Structure formats: structure tokens, C-alpha cells
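Count residues from 1 along the sequence. What you see is a predicted model, and the numbers here were worked out from it, not measured in a lab. Just so you know, these numbers use all the heavy atoms, side chains as well, and skip hydrogens, waters and symmetry mates.
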Amino acid sequence: MESEQRLKRKRIYRPYSRAQFLSRRSLILCLSFFVFLMFLSSERFPIRTVSFHPVVSVPSLSILSKNSLQDSFHAKLRFPLSVEDRVLFPDHLLLLVSDKIDEAEKLDCVYHKVLNHKDVVRQRVLSVDEFDGFRSVVRCPLPPWNYSAAAGLMWRGRGVDYSLSLRSNRTVHSWDRLVYEAAFDGKTAVVFAKGLNLRPHKESDPNRFMCQFGLKNSDEEDEGFVVMTEAIVAAQEVVRCSLPSSIRNNPDLAQGIRVTVVLASRNDVEHVRMPSAVRFRNSRSYDHRRNRMRQKEKIAVPSVAKLYNSKSYQTKRNDGKFELCACTMLWNQAPALREWIMYHTWLGVERWFIYDNNSDDGIQDVIEELDFQDYNVSRHTWPWIKTQEAGFSHCALRARNECKWVGFFDVDEFYYFPRHHRRGLPGQNLLRSLVANYSSSRTIAEIRTACHSFGPSGLSSPPLQGVTVGYTCRLQSPERHKSIVRPDLLNETLLNVVHHFQLKKGFRYLNVPESSIIINHYKYQVWETFRAKFFRRVATYVVDWQENQNQGSKDRAPGLGTEAIEPPNWRKQFCEVWDTGLRDFVLANLADPATGSLPWEKSLF
């Protein structure tokens with residue numbers, strides 16, 4: 001009887017005790033959560049911002065301190081940048097980074113000691129630029145003595161642990177031998193390489209070369225999936241190869257393919273077909289065949305070049321091509337850019353391609369201002385030193401779908417029409433009208449114009465109204481020439497000698513009489529400006545003036561040695577004929593009637 005009563009009490013009280021326990025636990029949890037919310041809302045608790053910024057000991061947060069903490073917090077969230085490749089130049093180290101860099105001023109180059117990776121030093125980057133639309137280039141100082149050039153990158157304010165930026169690739173390429181650029185061109189790839197030692201200004205035998213396509217980093221033992229194709233033509237630093245069929249059929253799906261040049265004969269290499277442009281993967285059977293190939297071929301040239309199917313290069317303009325465009329390569333010539341572009345735009349140039357060869361003089365600000373004023377200027381980062389011919393070949397490819405004619409001339413060269421000026425005829429759009437007369441020609445694909453070289457004209461400082469007005473004394477005889485070409489009628493080698501290109505068979509150039517058109521080349525300016533030429537010449541086959549070679553070359557100034565020392569009476573040299581034609585032409589057509597000022601003057605003060 002007693003046991004039955006105990007069982008009855010258990011049946012009665014057990015459900016009640018469990019519900020009571022759950023009710024108490026729920027109440028405790030609710031109270032705890034409520035206290036936590038009250039604690040968060042307390043003025044004593046220092047986390048009050050929307051994005052939750054931890055603070056060590058700040059009694060009250062002003063607007064300034066909140067922003068500072070936010071910047072600090074985001075800085076700590078930055079990940080080490082991924083360095084894809086490094087190229088060692090004589091005066092700096094170039095890093096190619098697969099990230100867009102917004103705050104270059106907060107970035108450091110990090111170097112470790114050769115025998116002790118824990119011993120590191122940090123130096124500020126020299127400059128940062130966007131590159132090829134998909135990568136960035138970072139220029140670093142040369143590594144200190146006994147430190148490795150396998151530099152990494154680190155955001156300022158963080159520790160020196162930069163191992164992640166080295167994890168993918170520690171290779172440092174020498175600039176003496178390197179494939180540095182590549183571009184799609186129809187069913188072919190145009191590859192730009194340093195160190196092939198091809199003859200200048202002449203075509204070479206393409207049978208010596210092949211192109212290798214694939215996804216791999218240069219320091220990886222496993223090369224990944226690659227395919228090789230034959231070279232079609234080769235000249236100077238340019239090798240053109242056919243595209244693999246899989247890439248040719250799916251160019252949009254083949255972004256970022258690394259390409260290089262292999263020195264080999266056609267008969268020595270087995271061809272391995274790539275099943276798909278987007279199925280890059282390792283294959284044991286392929287590795288086996290690849291190992292047999294290595295026994296018969298030479299080592300591929302190291303490469304930092306990747307193919308990107310840029311729409312801006314491949315797509316034609318919907319509203320027709322520009323009649324006349326211009327392309328140049330420069331280094332630290334931002335002060336001269338406004339006058340050059342504004343004047344030639346008035347003559348009819350509609351589109352500008354500026355290949356910037358590592359300038360650090362604020363050129364981007366000048367170009368942005370010009371573009372804002374509808375001068376249609378674009379800057380292309382070209383970090384490769386002494387490659388002017390290759391850069392012009394690259395520009396010809398880029399401009400072909402946008403322009404009927406492209407002029408290749410420097411920022412110190414100005415077209416002038418003496419006959420029109422003497423007759424008092426209108427000068428606006430004269431240059432565009434000239435080339436338009438031959439746009440439908442079945443024989444003319446290049447227009448050549450002779451150059452007159454001007455000297456300092458007695459000046460000791462840069463002329464305030466620009467070179468066209470300030471320099472008025474020149475040499476008697478013309479020197480060389482510059483060209484305007486039809487880019488779709490260039491030889492497929494893209495061979496050029498800076499001043500002119502090799503044309504397709506059946507087409508020729510036209511020499512324009514000096515009485516009709518001439519180029520004023522302000523070559524020998526005041527010493528303050530001229531001495532910059534001693535730093536480096538941009539042309540591939542022109543010796544730098546600091547070297548004791550070819551001192552009798554027309555590229556050099558007569559009488560100068562290998563050091564940037566101003567000769568006696570520099571301001572009076574190179575003056576045989578006083579020529580004020582272009583000065584009078586500019587003042588008559590472009591000067592403000594009320595003030596006499598010229599459109600570009602403000603950048604010269």
C-alpha cells in the first residue's frame with residue numbers, strides 16, 4: 001500500500017518539477033540577455049559605433065576618434081598582398097601584384113636578409129600603378145646590400161610577418177632575359193620578349209621560336225597544363241604565334257593565361273593539343289609527354305606576361321573610327337603635355353594614347369585634367385625600360401580598332417604648316433584634313449614629315465608661354481622624320497624604327513614637302529630641361545648617354561660627353577637660322593585676344 005502511494009506521488013509531482021525547472025531556466029536566460037542588452041547600451045561601455053570597433057580605454061568617443069579607430073580597424077583587416085612576379089631593373093625592383101591597391105602611401109616594401117629571414121627591413125614604395133586592367137605594379141627601391149630581392153609587401157602599421165606575400169612565388173626575374181608583355185590579335189598572340197638578341201630593324205627567322213601557353217607560376221615545379229604553338233613571324237622584341245584552337249574559340253574564358261617564348265626548331269618539338277582553354281589541370285600522361293619534350297627543346301624564356309581579352313582593345317567603335325590619333329612614350333614630361341595635346345587637338349587629333357614609362361612627376365593628374373576637359377586622353381602604364389619600339393608596336397595593336405591613322409611622335413615635336421600660315425589660311429584641323437585625303441588610298445599607308453631641330457635660342461630658363469613660342473632658333477638642315485600610319489596596314493611583324501613602321505606589301509609611304517608641312521623638334525632645350533635625357537633613353541637600340549659608346553650618333557647632342565655637365569654657352573648653341581614661323585602661327589590662332597595668354601600656360605607657372 002505504501003509503495004503504491006509513493007508511485008502515485010511520483011506520477012503526480014514529476015511533471016510539475018520538470019516544468020518548474022524549465023520555467024526557472026528560461027527566466028534566468030531572459031534576465032541574463034536583458035542585463036547584457038542594458039550593458040551594451042550603457043555609456044560606460046566603449047563599443048558604440050555601428051561597425052563594432054574595439055577600444056582599449058577611451059572614456060568618450062568624439063567624431064575624430066571614431067574615424068581614427070575605424071581606419072585603424074580596417075588597416076588591421078588588410079591581408080598581405082599577393083606578389084605574382086618580380087623583375088629586377090638596374091635602378092629599382094618591380095613587383096606585379098594580383099590586387100588593386102588604393103592606398104599606396106600606406107604600403108612598404110619588405111626585404112629579408114639572405115642568410116637570416118628573421119632579419120628584415122622595410123622601405124616605402126616608390127610608386128604604384130594599375131597595370132593591364134587586372135594587376136598592379138609596385139616599384140620598390142633596390143634591396144639593401146646583403147638583402148634578398150625577393151621582396152614582399154606589407155601595410156604600414158603592421159608587424160613584419162609578410163610570409164603570406166612570399167608564399168606563392170619567390171622568383172626574381174632579370175630584365176636582361178624576360179617575356180614581359182602579350183596581347184591577343186585576332187587568331188594570333190603577339191608576345192614581347194627581352195633578350196632574344198634579334199637583329200635590330202630587320203625580320204628574323206620564326207622557325208627558331210615557339211610560344212608556350214599555360215597557367216603556372218615561374219617558381220612552381222609543376223608547370224600545370226600547357227600547350228605550344230608555332231611562331232609565324234619574329235622581329236626585334238616581337239614574336240607572333242598562332243593561338244591554340246581552344247583559346248581561339250573561347251578567348252573570354254582564357255583570361256590570365258601565361259605565355260612565353262621557347263627557343264626551338266619546328267622539327268624538334270612534339271605538339272600536345274590542349275583539350276579545352278578552360279580545363280587547365282595536371283595530367284600524368286601529359287607530364288610524361290612533356291618530359292620527353294624537354295629532352296629535345298631548350299628552356300623557355302622566363303615570363304611575367306599574361307593574356308587578357310581586353311574589350312577596349314578588341315572591339316571596334318560603334319560610331320566609326322577616329323580619323324586621327326596620336327601615340328607617344330614618355331618619362332617625366334608632365335609639364336610639356338598640356339601644350340602638346342592642346343595644340344595638336346586644335347590641328348585635328350581626336351584620340352591620345354600616352355605610354356608612361358615610370359614617370360613620377362604627377363602626370364596622372366595632368367592627364368585626368370585634360371580628359372575632364374574632353375581631350376580624350378588615356379594613360380597606359382608601360383613599366384618596361386628601353387622598349388620604345390615594342391611599346392609603339394603594342395600601341396599600334398591597341399589603336400587599330402579605334403583609329404584610321406595614328407601619329408607616332410614625341411612631346412617635344414610639333415607639326416607646322418608654313419604654306420598655310422604664309423597665305424593666312426585657317427589652321428584648325430589641318431593635320432586631320434591632310435591624312436583624311438589618303439584614308440581610302442590603295443597605295444599610301446604612311447605619311448612622313450621631316451624635322452627641324454631647335455636649340456635653346458638664347459634662353460636660360462623654360463619659356464613661360466611654351467616651347468612653340470619660346471624657342472625660335474634652329475639648325476639649318478632637317479634631321480630625320482616622323483610618321484603617321486594606318487595601323488590596319490602595318491606588316492604583321494609590327495617592325496618599326498620608332499620613326500616609321502614596315503608596311504604590308506603593296507603599300508608605301510608618302511614624303512610630304514617641307515614647304516607644306518614640317519615638324520618643329522624642340523630637341524635642345526634649356527639645360528634644366530635637356531639634362532634629363534642623360535638619365536635614360538627610351539629607345540631599345542639607342543645607347544644611354546652615360547655610356548661611352550656611339551658618341552657620334554645623331555641621337556646625342558654634339559660635343560657632350562657622358563656626364564650631365566652643362567657646356568659653356570649652351571644657350572647659344574644649335575642656332576643657325578632664326579625661325580619664328582610656328583611662334584607667329586600659334587599666337588595668331590590660339591592666343592586670347594584680350595590677354596594674349598595661351599590655353600596651356602597655367603601648367604607652366
Say whether, by atom type as modelled, one donor and one acceptor occur between the side chain of H92 and the main chain of L142 under 3.5 angstrom.
no

I'd like to know if the side chain of T260 and the backbone of V301 have a donor-acceptor N/O pair within less than 3.5 Å.
yes

Over 60° means perpendicular and under 30° means parallel, so classify the ring planes of W527 and W570, tilted if in between.
perpendicular

Sidechain-backbone polar pair: N496 side chain, E389 backbone, donor-acceptor under 3.5 Å:
yes

Check: H394 ring centroid to F192 ring centroid under 6.0 Å
yes

Measure the CG-SG distance between L94 and C140 for me, rounded to the nearest 0.5 Å.
8.5 Å

Is there a donor-acceptor contact under 3.5 Å from the side chain of D108 to the main chain of V110?
no

Check for me whether the distance between the ring centres of Y343 and F414 falls short of 6.0 Å.
yes

Does any donor atom in the side chain of E479 or H521 lie under 3.5 Å from an acceptor atom in the other side chain?
no

Verify salt bridge (charged side-chain N to carboxylate O under 4.0 Å, His left out) between E413 and K482, making sure each step is shown before the conclusion.
CA-CA 9 Å; E413 296 169 338; K482 289 300 172 74; 2.5 Å; yes

Would you tell me whether S457 and R571 have side-chain atoms, one donor and one acceptor, within less than 3.5 Å of each other?
no

Minimum heavy-atom separation for A234 and L198, please, with both atom names.
CB-CD1, 4.3 Å

When rounded to the nearest 0.5 angstrom, what distance separates CH2 in W384 from CD in E237?
12.0 Å

Kindly compute the distance separating CZ (R240) from OG (S393), expressed to the nearest 0.5 Å.
9.5 Å

Check R139, H380, R135 against D129 for a side-chain hydrogen bond (donor to acceptor under 3.5 Å, both in side chains) and give me the one that passes.
R139

Between D360 and N332, is there a side-chain donor-acceptor contact under 3.5 Å, judged purely by atom types and distance?
yes

Do we see a donor-acceptor contact under 3.5 Å between the side chains of Y522 and N520?
yes

In sequence, state the C-alpha distance, the side-chain angles, and the governing distance for T381 and D356, and then conclude on side-chain contact (heavy atoms from CB on, under 4.5 Å).
CA-CA 5 Å; T381 300; D356 182 8; 5.8 Å; no

